[in-house]
Amino acid sequence: MRSFSQLIKIISVVFCIIMIISILTNNQPGTILTSLSTLTAIIILIFRDIILGFVSGIQIATTKMVKVGDCIAIHKYNIKGILLEININLAKIENFDKTITTVPTYYFMSTAITNYELIRNLRLIKKHIIFNIKTLQICNTLNKYKKSFLISDFIKNKELEIENNKTLFNNNKQIITNIGIYSEYILFYLKQHPLISKSEKIIVKQIEYTTTLTPYYGLPIEISCFCNDNNNKKIIDDIFYYIIIIAKEFDLEVML
């Protein structure tokens, strides 16, 4: 609406100027418009940003890609903040340090924009833990893990699965590893944690081995989820302290 109102103002000003020129020169408005048509290229060049901004404003309104109040980022120009205003030629963004950045409206159609509104109140937790592969082992017994209420059902279901597929598994319960049980434990732990978002995906997985990321005897496990409390970094640290310390209960050694 702001873009439309500004466009109407511009059209009104141009119309008034044409009428004034018509009166002063005693010529018909049509004659003046005909004369201006020969200057179309110059007019387009002068009003280039306005034309592009107006078209971009229509596309933004119809696609609803961003709106006033959204948290956005323009990575090309290292801009991240709250979108305060969109008009026919400029958009105002309030950075997190309370400074104001203005960019042409057509940037929203010509430049990659990231909209963080859906996860505005969430904080991404994405870290990896490296385990010493020498401590990885097959579990000969699962009794001690049944005591944990988080994975007791998982262990029982796994044993039942093996029991029902004796031929496939060669009647060998040793296919279950301590790193596999640990991964399931952490997954269940994050799912039941009150500060971890249940609406977003929670991932505990092995990531690709790289010499720069992982020591020679290391197995990297990545943990990815979202915390509901965007400002409480201490809670996030406490979660990972627990994840690291509990690895000892599964006979795993954390390397990094």
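- A side-chain donor-acceptor contact under 3.5 Å links T135 to the backbone of E253.
- No continuous path of hydrophobic side-chain contacts links Y242 to I203 [ILVMFWY only; heavy atoms under 4.5 Å].
- N228 contributes atom CG, which lies 6.5 Å from atom CG of L195 (distance to the nearest 0.5 angstrom).
- Within the 4.5 Å cutoff, no side-chain heavy atoms of I82 are placed close to those of I93.
- For the atom pair CD1 (I244) and CD1 (I239), the distance works out to 12.0 Å, reported to the nearest 0.5 Å.
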side-chain contact (heavy atoms from CB on, under 4.5 Å) between I74 and V103, worked out: CA-CA 10 Å; I74 307 177; V103 297; 4.3 Å; yes
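- With E249 contributing its side chain and I246 its backbone, the two residues share no donor-acceptor pair below 3.5 Å.
- No side-chain donor-acceptor contact under 3.5 Å links T177 to the backbone of I138.
- Between V254 and N132 the shortest side-chain heavy-atom distance does not fall below 4.5 Å.
- Among L252, I186, I151, the single residue meeting the side chain to side chain contact (heavy atoms under 4.5 Å, CB included) criterion with I181 is I151.
- Annotation for G81 and F96: closest pair CA-CZ, 4.1 Å, computed over non-hydrogen atoms.
- In this structure, V68 and E85 approach most closely via the heavy-atom pair CG2-CA, 4.2 Å.
- With rounding to the nearest 0.5 Å, the separation of CD1 in I223 from OH in Y189 is 10.0 Å.
- Side-chain N or O atoms of D70 include none that pairs as donor or acceptor with a backbone N or O of I72 at under 3.5 Å.
- Residues K92 and T101 are not in side-chain contact: their nearest non-hydrogen atoms beyond the backbone lie 4.5 Å or more apart.
- A pairwise comparison of heavy atoms in G218 and I133 identifies C-CG2, 3.8 Å as the closest pair.
- Put simply, CD1 on I130 and CE on M255 are 7.0 Å apart, with the number rounded to the nearest 0.5 Å.
- Heavy-atom neighbours of K205 NZ from other residues, nucleotides or ligands within 6.0 Å: at or below the threshold of 12.
- Side-chain atoms of F226 and I196, non-hydrogen and from C-beta on, never get closer than 4.5 Å to each other.
- Within the 4.5 Å cutoff, the side chain of I243 has heavy atoms near those of the Y182 side chain.
- Between the T99 side chain and the N95 main chain, no donor and acceptor come within less than 3.5 Å of each other.
- Contact check for L84 versus I100: side-chain heavy atoms found under the 4.5 Å cut-off.
- Under the 30°/60° scheme for interplanar angles, the aromatic rings of Y77 and Y107 are found to lie parallel.
- Around the NZ atom of K127, the shell of radius 6.0 Å holds more than 12 heavy atoms that belong to other residues, nucleotides or ligands.
- Using modelled atom types, no side-chain atom of T111 and backbone atom of F108 make a donor-acceptor pair closer than 3.5 Å.
- Shortest non-hydrogen contact noted between H193 and K198 is O-NZ, 2.6 Å.
- Rounding to the nearest 0.5 Å gives a distance of 11.0 Å between CD1 of I202 and CZ of F188.
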From CA spacing to verdict: side-chain contact (heavy atoms from CB on, under 4.5 Å), K67, L83: CA-CA 7 Å; K67 63 181 183 298; L83 183 61; over 6 Å; no
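- Counting only heavy atoms from C-beta outward, the side chains of S183 and F250 never approach each other to under 4.5 Å.
- Residues V204 and F240 share a hydrophobic cluster, clusters being chains of Ile/Leu/Val/Met/Phe/Trp/Tyr side chains in contact below 4.5 Å.
- Rounding to the nearest 0.5 Å places CG of N178 at 4.5 Å from CD of Q137.
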